[in-house]
There are 2 protein chains.
Amino acid sequence: MAATYKDIRRVTGLSLATISKHFNGGNVLAANRERIEEAVAELGYRVNDVARGLRSRRSMTLGIVLDELNRTFNTTIVSAMEERLRDAGYGTIICDSRGSAEAEDEAIHFLLGKMVDGLVIVPVGSDVPALADAAARGVPVVAVDRPVAGAGTDAVVIDNRAAVAAAVDLLADAGHTAIALLTGPDSWYTMRERRLGFAEAVARRTGRPPRPEHVLPLPVTIEGGFDGMRRLMRLASPPTAVVCGNYEFTLGATIALNELAGEVTPAFVGFDHLDLARVIRPRPSFVVQPVDEIAARAVELILARLSGDAERPPETAVLRADLVVGEASTYERGLS
Amino acid sequence: MAATYKDIRRVTGLSLATISKHFNGGNVLAANRERIEEAVAELGYRVNDVARGLRSRRSMTLGIVLDELNRTFNTTIVSAMEERLRDAGYGTIICDSRGSAEAEDEAIHFLLGKMVDGLVIVPVGSDVPALADAAARGVPVVAVDRPVAGAGTDAVVIDNRAAVAAAVDLLADAGHTAIALLTGPDSWYTMRERRLGFAEAVARRTGRPPRPEHVLPLPVTIEGGFDGMRRLMRLASPPTAVVCGNYEFTLGATIALNELAGEVTPAFVGFDHLDLARVIRPRPSFVVQPVDEIAARAVELILARLSGDAERPPETAVLRADLVVGEASTYERGLS
DNA sequence: TACCCTGAGCAAAACGTTTCGCTCTGTGAG
DNA sequence: CTCACAGAGCGAAACGTTTTGCTCAGGGTA
C-alpha cells in the first residue's frame, strides 16, 4: 500500500541507487532532485525505517528503559534527553520496566530486536543481565541514576552522600540533633548511598552515629513513607527532624504528617519533586536533582560512544544535587 | 556480529525455511527442534524483529503517542495498556509529544516508519493531520481522552459533562450557590465539555447560569490554576466553592490556597490525581477518571481492528468518571 | 493396488532499503 | 593530445527474515 522507491522509479525513471542517494545526501543533479521530490509529494512517500535499518545496520534510534515510567524524575529526564537526541538525528523508544526485573529484561531484548543503536537505562536493580546481550551486539549503554554491576557501561549518577549530608547540615545548623532518615533497602544503590551519607553526616555533626531506630529501612512506596513517619513519631523519643530518602517517602511522610496534624511537626527535608514542595505548607526544604544536567551528560556519553570511540574506558559522571531551602518556620516549629 | 539463521543452518544443517518454521510454530520434528534450540543457546541467537517485520509486514508492535509524558493520568494508562498488550503478544513504543503538535506529527511519522501495526494516541489538539497517513497505510488508530476531528478513528473518552455535573451537585447539596470553575480554552475538547457540563449543572441547581466571572478560561498550566484561584478569591463577591477542571489547575489552585492560607478557604473539588488529594488537608473531593477501564477499552478496540474487522464503523466508548467524596469539613468551611 | 492426504523438509523469491562496483561523461592539468 | 579525476548515474548484491511452491516419504482408505 505504502509507496516505495520502486514507485518513485516508475514515476521518475531514475534508478533505485540514485533515489537512495537523494535521500542520503549523495551527488544528484538538481533537476533530478526536483523530479524525485515531486514524485514524493505525489505518492505521499515516506522512507521505511525498518528496511533502511535492516540494510544499513543503523536504526538511528535509541532505546530508553525506565525502572518506572510514572516518576517525574524519570519523565523529566526523558523529555530533556529526547530533545537533545532529536537534534542529533536520533529517534527514541521509551520502555517501562514497572519496577520489575523481568519486564526490564524483556524491554531490553525488545529494543535489541528493534536494532536500536544505543541504550539509556534507569535500571531496576544493580544487576542487569540483559546488558551482556547488548554488549555482545556492540550496542553501547549508559546507566542513569544508578550504576550497574559489571561496570562495562558509562553511567551518570548524583553524589547521593553529599546531597543527604547537605540536608543533615541544614537541619543541624537549625539546632536539630535528633535527625531521622526514611530509607529503603541497602540493596538499592541510591538508598544505600543516601544512608551512608546520612550516617556520616550525623556522626560528624553530633559526635555519634544516628540511633538505629531513626534510620528506617522501608519498602520503597508511598505507604512505606507513610508508615515510616508514623512509626518515627510514635517512638518514645521521636526525632525532631526527618530526611526523606526519595520522592515516594516524601509523599507518604507528608500524608502521615497531615493525618497527625497538630500533634507533631518535625522539621522535614523532602526529595526530588519540587512541585510537591510548593503545595506543602510551610514549604519544606527539598533535595533537588539536576535533571537537565543528568540528561545532558547521558546524551553526551552515548553520542560519544556512537560516534566511534567505542574503546574509551567506561566513565561515571557524578553530579551534584541542589538543596533548595524552604521556609525557616519549618525548622523553628521542629524545635518547639 | 549477532547470530542469524545462517549461523543456525551452519550448526544444524537444516534449511532456513525449517528454522523459520521452528520459530513460528510450524511442523518441525522434535529432534530437529532440539538441535535448533541447542544452536540457539550456543550462539546466543535472538530473532531480528527488524528483518521479520520487513518481510512479514507485521511488527507486532503498537505505538503510543502521549500529549505529555509527565502526567500521571497518561503514564497510568500506558502501564495498564502495556500489560494487556504484552499478553496479546504486542510490544509497545511510547512517544512523547510534549504538548507540541509538531512533535506529535514527528512521533506519528517516526512510528509509521517503524511499521507499527497500530497507534494509540492521546492527542495534543483535536486535529491530527498525520493520522491521515496512518489511515493511508491501513494502520488503525484509537484516540484516548479526546476524540480527533475527522472521526475516522475509534476513541475512548469519559463523560466529562456528567463528571463535572456530579461535582457541582455535591457542592450544591452542601449548600453552595456561588460555584466557580477553573477551565481552559474551549478549543480543548475536555475543557469545553467540562465547561458545558458545569454550566448546565449550575443552571439546573441554582436556576441561573454561572456568573461569567466565575468561569475562568485559563492557560492550562499550574500557573494558570494558581492565577485563576487568586483572581477568584479577589473578586468583590468570591465564589464559596471552586471546581478544578483538570490536574494542573488542581495543583495550582492548591498552591494559591496555601499562599492565601486563612484568608479564604473555599470548598474545592480537584481533578485526576488522587495521590495529591491525600496530601491536602482537609482532604478535598476529587473527580477520578477510571484509568484502568480506559486502558482496557482502548486495548480492546485496537486489538479488534488488528484481528480483522477493519470495516466496522468507528466507535467511541464513553466511560463514567468517579467522584471521590472528601472530608465534610471542607464544605462546612466553605460555607463559613 | 491405486489413491490421496499429511507431515516434514528444501530452494528460491520476496520485503524496501543501502552499498559496492562499474560505466560514462566532461574538464582541467601536464 | 593524453591522462587522471570527479560528478552523476546504473545494476546487482546484500541485510535477516517469511512465504510460496515444490518434493518426497509414509500411511490410511477404498
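Per chain, numbering begins at 1; letters A, B, ... match sequence-line order. Not measured: the values here are computed from a predicted model.
Closest to the side chain of S56(B), from the set dT19(C), dT17(C), dT19(D), is dT19(D). Picking from dT18(C), dC15(C), dC15(D) the nucleotide with the shortest atom distance to the side chain of K6(B) gives dC15(D). When distances are taken from the side chain of A51(A) to each of dT20(D), dC10(D), dT17(C), the shortest belongs to dT17(C). Listed nucleotides: dT18(C), dC10(D), dA8(D). Nearest to the side chain of T18(A): dC10(D). Of the candidate nucleotides dT17(C), dT17(D), dT18(C), dT17(C) has the atom nearest to the side chain of T4(A). Among dT19(C), dG7(C), dT17(C), the nucleotide with an atom closest to any side-chain atom of N27(B) is dG7(C). Set against dC10(D), dC10(C), dT18(D), the side chain of A17(B) has dC10(C) as its closest nucleotide. Nearest to the side chain of K21(A), among dG16(D), dA11(C), dA8(D), sits dA8(D). Residue N24(B) has its side chain nearest to dT18(D) when only dA11(C), dT18(D), dA8(C) are considered. Of the candidate nucleotides dT18(D), dT17(C), dT17(D), dT17(C) has the atom nearest to the side chain of R55(A).
Residues D7(B) and R10(B) are paired through a salt bridge, judged by an N-O separation under 4.0 Å between the basic side chain and the carboxylate. The pair R297(A)-E315(A) counts as a salt bridge, with a side-chain nitrogen and a carboxylate oxygen less than 4.0 angstrom apart.
V50(A) comes within 4.0 angstrom of no nucleic acid atom, judged by non-hydrogen atoms across all strands.
For the atom pair OG1 of T72(A) and CZ of R71(B), the computed distance is 12.5 Å after rounding to the nearest 0.5 Å.
Ring geometry for F23(A) versus Y5(A): interplanar angle under 30°, hence parallel rather than tilted (30 to 60°).
Of the residues near DNA chain C, L54(A) and A30(B), the one whose nearest nucleotide (by heavy atom distance) lies more toward the 5' end is A30(B).
Side-chain nitrogen and oxygen atoms of R57(B) include at least one within less than 4.0 Å of the OP1 or OP2 phosphate oxygen of dG16(C).
Put simply, OH on Y5(A) is 16 Å from P on dC15(C), counting in whole angstrom units.
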